[in-house]
Amino acid sequence: MTIQWFPGHMAKARRQVTEKLKLIDIVLELVDARVPLSSRNPMIDEIVNNKPRLVLLNKADMADKTVTKEWMKYFKNKGITALPIDSQSGTGIKDILPACKLILKEKFDKMAAKGIRPRAVRALIIGIPNVGKSTLINRLAKKNIAQTGDRPGVTKAQQWVKVGKEMELLDTPGILWPKFEDEMVGYKLAATGAIKDTILNLQDITVFALRFLKEHYPERLKDRYGLEEIPEDIVLLFDEIGKRRGCMMSGGYIDYDKTAELILREMRTVKLGPLTFEAPEPVSAEI
Ligand code: G4P
């Protein structure tokens, strides 16, 4: 998927999300557990404003569990409730409703005190493209997406998806954009596969990925590619992997594009094990 956001698109997306916020009790902000900051919209706090929020670190199955724990502490320290989930297999999904109810307890208690009949929690899923919004909606709706139809004061196009008896989701998620102007964000998103047809050069992304692996997961690199030592020079490392995997052109030259594609594909499909590309500590945050 090519992501091309222009100021006009961004303003429109923001407007659409702001409209939807009026209809719901809580925002389910989906981020990628491998890049929890880079996969956030830079203006999310401003856009969501005072609306209660639950941050969901999706694709936790592909992330380094030790670093995910650090991220959980990070969000907790900021007073934000966060949960690691895997929308594809369903791990952690059952914790979403109890977490929402806890966050909204005061609001719902007040409604009850006023004699308002208890109703389902209304939620909106927000996130950048490819973070797993549709997968999560389908998972929560258990595939039998039941739409409850229009509600008073709700635009006709807005449909609600029932999640059991106690939760309703807006069927179209809020799509926001990542922080494109930051090149490191672009590399990290490209490394995870969030941006596929990217304006960033394939070989550059691979060099970024190899540097990152060499620094943070050297043993995984050695194991995967049968290396005894990792060469200091990244180009030599690139060469070595290309040679070992038979990514050659005629004349005995290394085919760098083929090698880059192989490394990225293997990294994105967890062949090098679960990886996280940014940690909350300032020392390791910028790789
Ligand atoms: P979106 O609506 O936010 O754009 O994302 P979508 O649900 O389409 O998910 C994007 C890709 O991520 C999908 O793969 C989906 O299966 C995968 N995915 C979503 N949640 C999880 C998760 O928790 N764990 C894992 N491992 N994968 C998840 P896809 O359709 O096969 O696309 P792709 O693999 O070609 O990118």
Side-chain angles (χ1 to χ4, degrees), residues 1-5 9-10 12-14 16-17 20 27-42 44 47-48 53-65 67-69 71-72 75 82-97 99 123-143 145 159 161 163 169-180 185-198 200 202 205 209 261-277:
M1 166 182 208
T2 310
I3 312 175
Q4 279 182 315
W5 287 98
H9 286 144
M10 297 201 192
K12 189 170 172 221
R14 186 178 174 163
Q16 283 173 344
V17 168
K20 288 177 181 178
V27 167
L28 305 182
E29 185 197 344
L30 217 51
V31 299
D32 187 318
R34 296 166 296 173
V35 277
L37 286 191
S38 295
S39 59
R40 290 188 106 188
N41 173 275
I44 189 79
I47 295 170
V48 170
R53 187 181 352 171
L54 173 63
V55 171
L56 299 170
L57 280 77
N58 194 39
K59 308 197 186 185
D61 55 308
M62 301 174 99
D64 185 328
K65 289 191 176 42
V67 192
T68 301
K69 279 190 192 133
W71 280 112
M72 298 309 288
F75 284 110
L83 287 176
I85 60 163
D86 167 2
S87 300
Q88 212 168 49
S89 76
T91 309
I93 299 295
K94 65 173 183 355
D95 302 326
I96 295 176
L97 179 62
L124 167 69
I125 293 177
I126 293 188
I128 65 167
N130 274 322
V131 76
K133 298 178 295 301
S134 318
T135 310
L136 178 60
I137 293 177
N138 286 328
R139 170 64 60 182
L140 282 169
K142 297 202 177 94
K143 289 190 188 131
I145 294 182
Q159 296 286 332
V161 175
V163 182
L169 282 179
L170 275 180
D171 70 343
T172 44
I175 305 170
L176 293 173
W177 59 97
K179 196 175 168 185
F180 282 122
V185 170
Y187 279 130
K188 288 177 193 173
L189 290 176
T192 59
I195 308 175
K196 280 173 199 156
D197 303 329
T198 166
L200 296 169
L202 202 68
I205 302 166
E261 271 167 33
L262 177 128
I263 296 168
L264 290 179
R265 189 176 57 244
E266 297 205 336
M267 208 173 55
R268 290 167 179 170
T269 49
V270 203
K271 297 282 190 304
L272 284 120
L275 302 170
T276 298
F277 293 89

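Each ligand, and each atom within it, is numbered from 1 in the order the structure gives.
Polar contact with ligand 1: absent for A60 (N/O pair, distance under 3.5 Å). Residue G132 places at least one N or O, backbone or side chain, under 3.5 Å from an N or O of ligand 1.
Pairs of residues two or more places apart, or lying in two chains, that qualify as side-chain hydrogen bond (donor to acceptor under 3.5 Å, both in side chains) and include a residue from residues 28-38 are E29-R40, E29-R53, D32-R34, S38-E278.
Within the 3.5 Å criterion, the main-chain N or O of L37 finds no donor-acceptor partner in the side chain of K188. Listed for the N41 side chain is no donor-acceptor partner under 3.5 Å among the backbone atoms of K179.
Of the listed residues (D61, T135, T91), the one carrying the non-hydrogen atom nearest atom 19 (C) of ligand 1 is T135.
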Determine, step by step, whether S89 and D61 satisfy the side chain to side chain contact (heavy atoms under 4.5 Å, CB included) criterion, reporting the C-alpha distance in whole Å, the side-chain angles of both residues, the deciding distance to 0.1 Å, and the verdict. CA-CA 9 Å; S89 76; D61 55 308; 6.0 Å; no
